[in-house]
There are 2 protein chains.
Amino acid sequence: MFPHCAGKSFRKYQNQKKMSTLPDKTVERLSQYRRNLLICDAKGKEHIFSHEIANIHHITPVQVRRDIMLIGYTGTLRKGYNVKELVALIGEILDKPEGQNVAIIGAGNLGRALMKYFKNRREKLSVVAAFDNNPEKIGIIYANVEVFPINQLKQIIIDKKISIAIISVPVDEAATITNALVDAGIQGILNFSPRPVNVPEHIYLEEYDMITSLEKVAYFAKNKN
Amino acid sequence: MFPHCAGKSFRKYQNQKKMSTLPDKTVERLSQYRRNLLICDAKGKEHIFSHEIANIHHITPVQVRRDIMLIGYTGTLRKGYNVKELVALIGEILDKPEGQNVAIIGAGNLGRALMKYFKNRREKLSVVAAFDNNPEKIGIIYANVEVFPINQLKQIIIDKKISIAIISVPVDEAATITNALVDAGIQGILNFSPRPVNVPEHIYLEEYDMITSLEKVAYFAKNKN
DNA sequence: TTATCTTTGTTTTTTTAATAACAACATAAA
DNA sequence: TTTATGTTGTTATTAAAAAAACAAAGATAA
């Protein structure tokens, strides 16, 4: 085509591999790399070495280079990686071009913390609704997010094209809420309630249990030295 | 020059060597088993099979049996595991006999959610103080936990024999707080702020980043087929 | 020029975690 | 009694993740 123009950026995309095979842990790290790369970028840093990224995240430079290799990006010898380019490529991998909408179920302390947390965080990932069964909370707007009653769950999920839900309800309600979310056609669930929930095979489920994390810290802290 | 970004020099990569023979993931699962075993016990169930535990946690019975083997417990053929005995043994493994005290740093929405979450949850793991730098919050008691000013951090950690801290402060304060915690002689830290913090080798650090979890769900939800 | 140093990109090896396989054995049924 | 069934405990195998090893190449200095 334009062989004389086929420089580095051309090669970059030749190396690109199928992204559907990206390992779990690599996806997690890419998300974290991006967040800190954006801070570096905001401070005017143009290039970054693998060992700098590694230091921020307490991992080895090899791990960083391997992750970056997996998404097919190529840095410059002696200069490292171009921060803006790397951020853009991670975005191509992680984000859906048309964006994804998120609902938070349960507007208690955890739910409100999540709303504040995610406010304006990602352009392609927006919290567009919250749900609660406490009548006093209905209609209130936290961090730009309106709280709706749970009986409108399905309708609003469909209307607002919500594909991802975060469960932050008391543990006894988690199972019922999950069924409602499945029924409403949700595609991914992040469950913060401490009891595991059941979803059909086609829905992606991620569970995180704070109590377990604390007990794990307690165990390893007591067994150190 | 770029104070946030990592320096150029290589630093020693801390090789988190485990002092215990129990695998990381097994510790996590034991914590979860116990929680659900306690519910079973409360319902009067005396024995439980590995496949029942497995169903609750969406894992295989083999995994359950293997974990239980690792802590040296033995069930009964045809009857399964004695619930009370298993709970007691997991307690011996995970808990410190004299108990461990916990502080929550940051009494915002997340901090308050954590206080409610952990209230009366474990006999051997008690949240005994919270800290915040907002004068209006000082002295307030959430979920039985008093909020102290951050400048009393070290004194109260020592006085109340606190060995574990949960960081739930805004991201920019996390590094300072971490240094204060290290200085106060903390043994384990659970960091919920989205930026990794640095601690010396002898302190156990666990980090959890909600934004990463959400982006991971978004990635795998969009790539599911 | 040549040698040296630094950093990337990729392959190989090691470690950790999960799954599969199966012997042993208690109980129930034939 | 003998056979079938279901469950545990353990070993063997596979898969996933991390770390190590090292070639290649650009920059710098002698």
Side-chain angles (χ1 to χ4, degrees), chain A residues 7-17 20-33 46-55 57-83 85-86 89 212 216 220, chain B residues 6-33 45-55 57-83 85-86 89 212 216 220:
Chain A
K8 194 185 304 153
S9 68
F10 176 75
R11 267 193 292 116
K12 268 172 208 170
Y13 292 95
Q14 276 204 319
N15 292 349
Q16 222 154 335
K17 303 183 178 174
S20 51
T21 60
L22 228 40
D24 221 77
K25 299 288 179 187
T26 294
V27 172
E28 293 181 13
R29 283 189 298 263
L30 287 173
S31 160
Q32 292 169 332
Y33 297 163
E46 284 184 9
H47 289 83
I48 192 164
F49 294 121
S50 63
H51 67 257
E52 294 179 289
I53 298 179
N55 278 346
H57 297 96
H58 306 148
I59 55 177
T60 64
V62 190
Q63 182 99 80
V64 174
R65 294 205 297 277
R66 213 171 182 293
D67 288 335
I68 291 175
M69 181 190 80
L70 288 175
I71 62 172
Y73 185 66
T74 287
T76 310
L77 262 170
R78 291 258 164 180
K79 281 175 87 181
Y81 303 97
N82 180 295
V83 175
E85 283 179 12
L86 188 48
L89 183 57
T212 285
K216 186 180 170 191
F220 284 109
Chain B
K8 278 199 167 188
S9 63
F10 280 96
R11 111 192 198 312
K12 219 172 189 175
Y13 311 108
Q14 46 191 21
N15 208 352
Q16 293 260 8
K17 183 170 180 178
K18 258 158 275 153
M19 296 302 172
S20 156
T21 64
L22 274 187
D24 221 77
K25 300 288 179 186
T26 294
V27 172
E28 292 181 14
R29 284 190 296 265
L30 288 173
S31 160
Q32 292 168 332
Y33 297 162
K45 194 172 170 69
E46 284 185 10
H47 289 84
I48 193 165
F49 294 121
S50 62
H51 63 81
E52 294 178 287
I53 299 178
N55 279 344
H57 300 282
H58 305 148
I59 55 177
T60 64
V62 190
Q63 182 100 80
V64 174
R65 293 205 298 276
R66 217 170 177 292
D67 288 334
I68 291 175
M69 181 191 78
L70 289 175
I71 62 172
Y73 185 66
T74 287
T76 311
L77 261 169
R78 292 259 160 180
K79 282 174 88 180
Y81 303 97
N82 180 295
V83 175
E85 282 179 13
L86 187 47
L89 183 56
T212 285
K216 186 181 171 191
F220 285 109

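Proteins get letters first, then strands, A, B, ... in listed order; numbering begins at 1 in each. Side chains included, hydrogens not; waters and symmetry mates left out as well; all remaining heavy atoms used.
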Nucleotide D:dT8, atom P - distance to CD1 of B:I53 in whole Å: 9 Å
Aromatic centroids of A:Y81 and A:H47 separated by under 6.0 Å: no
Spacing of B:L86 atom CG and B:I71 atom CD1 [to the nearest 0.5 Å]: 5.5 Å
Beyond-backbone contact of B:H57 with B:I53, side-chain heavy atoms, under 4.5 angstrom: yes
d(NE2, A:H51; C1', D:dA19) in whole Å: 18 Å
Side chain to side chain, A:P61 and A:N55, heavy atoms closer than 4.5 Å: no
Euclidean distance, atom CG of residue A:L70 to atom P of C:dT10 [Å, nearest integer]: 10 Å
d(CD1, B:I68; P, D:dG9) in whole Å: 8 Å
Nucleotide C:dT19, atom C1' - distance to CG of B:D67 in whole Å: 13 Å
Pair B:K79 + B:E46: basic N to acidic O under 4.0 Å: no
Interatomic distance, B:F49 CZ vs C:dA26 P [rounded to whole Å]: 15 Å
Whole-Å gap separating P (C:dT8) and CD1 (A:I48): 10 Å
CZ on B:R29 to NZ on A:K216, rounded to 0.5 Å: 11.0 Å
Distance (rounded to the nearest 0.5 Å) between B:K25 NZ and B:L30 CG: 13.5 Å
Separation of A:Y73 OH from A:D67 CG (nearest 0.5 Å): 15.0 Å
Give every pair of a protein N or O atom and an N or O atom of nucleotides 24-27 of chain D that lie under 3.5 Å apart, one pair per line with the distance.
residue : atom : partner : partner atom : Å
D:dG26  : N2   : A:R78   : NE           : 2.5
D:dG26  : N2   : A:R78   : NH2          : 2.1

Reading 5' to 3' through nucleotides 12-18 of chain D, protein heavy-atom contacts under 4.0 Å coded B for base, S for sugar-phosphate only, - for none: B----SS
Donor-acceptor pair, side chain of A:T60 and main chain of A:Q63, under 3.5 angstrom: yes
Whole-Å distance separating the OH atom of A:Y73 from the C1' atom of C:dT8: 12 Å
side-chain N/O A:S50 vs C:dT7 OP1/OP2, d < 4.0 Å: no
Proximal nucleotide (of D:dT8, C:dT19, C:dT8) relative to the B:V62 side chain: C:dT19
